[in-house]
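Scroll down for the structure; my scribbles are underneath it.
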Amino acid sequence: DDQVVARHKALCQEILRHNRLYHRLDAPEISDAEYDQLFRELLAIEEQYPQLATPDSPSQQVGAEPVEKFSPIRHAQPMLSLRNVRNDAELRDFDHSLRTTFLARESELEYCLELKLDGLAVELTYRDGRLLQASTRGDGITGEEISENIRTIAGLPKQLQGDYPDLVDIRGEVFFDLDDFRRLNQRQSEAGLKPFANPRNAAAGSLRQLDAAVTAERPLRIFCYGIGRLEGAQPETQFGLLEAMARWGLPVNLEQTRVVRGVDAVARRYAEILDSRDNLPYEIDGMVIKINDLALQHEVGELSRSPRWAIAYKFPPRQAETV
Ligand SMILES: Cc1ccc2cc(C(N)=O)cc(O)c2n1
């Protein structure tokens, strides 16, 4: 009767709307349990009134659903996380422990200093200069396969150029420019959708979209900062590695990177960045400090989950916005 037909129509609309929100915008408004309840009610009505199970009913499209999740990718070399220091005293401990314990050198160490982008870490595997696959960091050992989505990032070359290696795992941070982030949230609100809490969540949400067409509408950026496997000539220093990646055509934040000697110069650069971070077009949450000489990095080695030769010097949490 009319009431059943009306209920069936309402269920179809609600279910199709949820599919769009969930699969295309990664912003569901009802829980999976509520969604399942709607679907069960729809199937019950169509069991009683088979004529309602028309081709455009959600019940006829099951199976056509895009993949519910990403396939797992095991990183050939684990993607290590960075330990943190939060003040100059801890920074000096880090430097002192390196110079005395591991390198038995009292002389000053040379460090490569980068901005620490507040985004999502990814790994890009290039074979013969072409992007073979891309994955999120995940737990450092296994990530999610997101090659389709990564390919939508403007500025990321499909083909490396120059003296690129036969095979290289590039590590980088995917992020949003602040202006693009604000515009995206404007669009979210206009579409009656939940805005993203911060640029990092927006980058993660945009990159982990099941539908790459949605990712393509998101102006994601990437800065490459390191490598895993590299079959080819090894650069001598961290800065040299960054220059090589830039030469191959990869986006690298070279002009914001410094090589300095001694911990005092590290502290000075940190103060400089902390002071000027609000002028940057993207969010950073600190500075990355790495021993510049790659042979020394290998000599110093790694802890279970983090390099011994690197540290993140984090900024203090932002003061609550003064109203
Ligand atoms: C080894 C390592 C791990 C995480 C990193 C993260 C960033 C970053 N978020 O910018 C930069 C780096 O050079 C990193 N380096």
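Read the numbers this way: they start at 1 and go in the same order the structure lists the ligands and their atoms.
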Evaluate whether atom [atom1] of [X] has more than 12 neighbouring non-hydrogen atoms of other residues, nucleotides or ligands under 6.0 angstrom away.
X      : atom1 : result
Arg127 : CZ    : no
Gln3   : CD    : no
Glu236 : CD    : no

| Name the residues with a heavy atom less than 4.0 Å from ligand 1? | Leu80, Leu82, Glu114, Leu115, Lys116, Leu117, Glu173, Tyr225, Val288, Lys290
| request: Check the side chains of Glu145 and Ser147 for a donor-acceptor pair under 3.5 angstrom, ignoring hydrogens and angles. | output: yes
| Okay, side chain of Asp211, backbone of Ala213: is any donor-acceptor separation there less than 3.5 Å? | yes
| note | Which of Arg261, Arg258, Arg99 passes salt bridge (Lys or Arg N to Asp or Glu O under 4.0 Å) with Glu110? Answer is Arg261
